[in-house]
Enquirer: 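A single structure is presented below for examination.
Lettering of chains follows the sequences in order, A, B, ..., and the numbering in each one begins at 1. All heavy atoms count here, side chains included; hydrogens, waters and symmetry mates do not.
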Amino acid sequence: MRGWARADGRKGIRNIVAVVYLVECAHHVAREIVSACRDDDVHLIGFPGCYPNEYASHMMRRLCTHPNVGAVLLVSLGCESFDRDGLLAAVAGSGRPAELLVIQQSGGTRKTIESGRAAVTRMKSQIAAWQPVPMQVSELVVGTICGGSDGTSGLTANPAMGRAFDGLVAQGAACIFEETGELIGCEGHMAARAVTPALAAEITRCVAKAARYYSVLGYGSFAPGNADGGLTTVEEKSMGAYAKSGAAQICGLLKPGDLPPGGGLYLLDVVPDGEVRFGFPNISDNAEIVELIACGAHTVLFSTGRGSVVGSAIAPVIKVCANPETYRRMADDMDVDAGRILEGAATVDEVGEEILGRVIGAAGGMRTKSEEMGHREFILTYKAFEPIGPACLPLSPRGRAA
Amino acid sequence: MVRHASIERGLLLLSPADNVAVTRVALAAGSTHHVGTAAIVIRADVAAGFKIALCEIASGEKIVKYGAPIGSATRVIQPGEVVHLDNMKSDYIATHARGGAAPAAGGAG
């Protein structure tokens, strides 16, 4: 494994240029800059809203200073409320090449696209000179998510990803599992795995918050395709999804954009705090992937039964297919065939080892299936969170001091 | 082609406490499958990953899978029946099927 050393001490497994639109009105110009570059390592991300949002601002800072990001080009229309100068200063302060183009001050669409292409070329040559350094498993942050789940997800891919998590945690990596809306019914078991009683109470509280939030909205974290695949209730889906977390003790509770203070297993609370505002907690799988990446995830393990095809900007997604029939239909999109477990051709441990190998491979520069095919989905919307309390990170210096 | 004994096992029991088993492959109506000492006759064609009742389940009784309750029966369910949206519901948040209908929905959620 090798990584690009960043000024904050973290290392990246990719060295990409992020082109960032700061309002939907700048989306087209930013996209044209990216597509004109025709470069797998130039990624488009952005925030569509014109109104300010503390969460989106915090997320964007974390994403633009993510270890996989080498340089950043910000694209602003000019009149949106996003704090572009604050973001530019934060990126520049992290030791990365950073530039800002304001369309209204740069001569409009054509001229800004031209300036943007030149800026990306300039930044690419700057960061190409940086040499990667050796990287250890203990320096990795790995996230996990399931999407397009069916009745096989909880039997094959999710338990196998749990074994991979156990292996990574044992080697000192930080592993993050999430979607408390898909852990409804598992709160008692999860609380028993918390390193302290106070953390257990926080975990119980955040699942209750998720159940309340989804109840107000009238929909659980459950899509019609889940039912097509044999799952009937959100608590059944939860039991299968929970297997992704493996068997390690839970050492902390994070919210989007919180960085794990060390190795171990963390739960990410993705459900907003306070009254129900801005709609569903995460409107699609990529919203969750973006939050895992904002927590520093270098790569994300994605289990799917029905057959998701997505990847992500910034961090490679490793797709683990739970259902053998889906795998045969969509093999080009899948990195790992966990359906072999159902067919008696492999054990959960064997597939867990294979997933672990894929993580190390991706971290060593091997492209995942979704990366190869150009999947670089990204979505960021409005949310509101309170900061985590000291009981959420009992093993960190901050938690101990409090 | 030689058929291995493991390939003939159509149902997976995930926990001894469960009153449903999971179809490991697609199963045909009328086929018989063994779970422990019980012989279960499948009542309708079913795809892989679905739940089959192992015993008679009363209306209101918990459906148990992974050793944990995953909802409640909304009517009497016979052994060998597929357990899904038309005979069980969530005890937390109603399930919405495609088209906006909420079959087996419980409560106001």
Side-chain angles (χ1 to χ4, degrees), chain A residues 149-159 181-189 207-208 210-243 305-306 322-327 339 341-345, chain B residues 3-10 12-15 18 20-27 46-52 62-74 77 82-109:
Chain A
S149 297
D150 69 11
T152 68
S153 300
L155 306 179
T156 60
N158 291 346
E182 291 166 7
L183 293 166
I184 290 167
C186 306
E187 55 275 10
H189 197 277
V207 178
R212 189 173 60 247
Y213 209 93
Y214 279 101
S215 294
V216 170
L217 293 166
Y219 283 79
S221 183
F222 193 101
N226 299 143
D228 296 342
L231 296 174
T232 316
T233 65
V234 67
E235 56 267 43
E236 178 185 16
K237 183 178 172 182
S238 295
M239 287 300 298
Y242 181 45
R306 302 294 291 168
N323 187 321
E325 289 166 27
T326 304
Y327 183 82
I341 296 167
L342 210 58
E343 296 180 316
Chain B
R3 296 185 66 198
H4 296 281
S6 64
I7 300 302
E8 290 175 347
R9 272 188 242 124
L12 281 177
L13 182 67
L14 300 178
S15 163
D18 292 357
V20 293
V22 181
T23 55
R24 201 178 52 73
V25 290
L27 300 180
V46 60
F50 282 68
K51 299 174 289 299
I52 300 293
K62 298 287 185 197
I63 307 298
V64 182
K65 179 184 171 188
Y66 299 103
I70 58 158
S72 303
T74 50
I77 304 172
V82 178
V83 179
H84 202 28
L85 300 166
D86 61 343
N87 55 20
M88 73 168 289
K89 67 173 181 66
S90 172
D91 294 329
Y92 285 83
I93 304 166
T95 298
H96 293 259
R98 206 179 304 280

Enquirer: Against chain A, work out which of B:P69, B:G71, B:A26, B:G49 has the most heavy-atom pairs shorter than 4.5 Å and name it.
Expert: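 Sorted descending by pairs with chain A, the first entry is B:G49.
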Enquirer: Within this structure, what is the OG1-CZ distance for the pair A:T152 and B:F50, rounded to the nearest 0.5 Å?
Expert: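 The OG1 atom of A:T152 sits 10.5 Å away from the CZ atom of B:F50.
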Enquirer: Which one, A:A227, A:A223, A:G220, leads in non-hydrogen pairs under 4.5 Å with chain B?
Expert: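 The answer is A:A227.
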Enquirer: I would like to know whether A:L217 and B:I93 meet side chain to side chain contact (heavy atoms under 4.5 Å, CB included); could you show each step before the answer?
Expert: CA-CA 10 Å; A:L217 293 166; B:I93 304 166; over 6 Å; no
Enquirer: Where on B:V83 is there a heavy atom nearer than 4.5 Å to chain A: the side chain, the backbone, both, or neither?
Expert: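 Backbone only.
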Enquirer: Closer than 3.5 angstrom, by distance alone: can the side chain of B:H96 be matched with the main-chain N or O of A:F222 as a donor-acceptor pair?
Expert: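 No: the side chain of B:H96 does not pair with the backbone of A:F222.
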Enquirer: Under the criterion side chain to side chain donor-acceptor pair (under 3.5 Å), which of A:E236, A:K237, A:E235 is the partner of B:S90?
Expert: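 For B:S90, the side chain to side chain donor-acceptor pair (under 3.5 Å) test succeeds with only one of A:E236, A:K237, A:E235, which is A:E235.
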Enquirer: Carefully, step by step, assess A:N226 and B:T95 under the rule side chain to side chain contact (heavy atoms under 4.5 Å, CB included).
Expert: CA-CA 10 Å; A:N226 299 143; B:T95 298; over 6 Å; no
Enquirer: How many angstroms lie between atom NE2 of B:H84 and atom OG1 of A:T232, to the nearest 0.5 angstrom?
Expert: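 B:H84 NE2 to A:T232 OG1: 4.5 Å, rounded to 0.5 Å.
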Enquirer: Which atoms of B:I63 come close to chain A, meaning under 4.5 Å heavy atom to heavy atom: side chain ones, backbone ones, both, or neither?
Expert: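 Neither part; nothing is under 4.5 Å.
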Enquirer: CG/B:D91 to CD1/A:I184 distance, rounded to the nearest 0.5 angstrom?
Expert: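 One finds 12.5 Å between CG of B:D91 and CD1 of A:I184.
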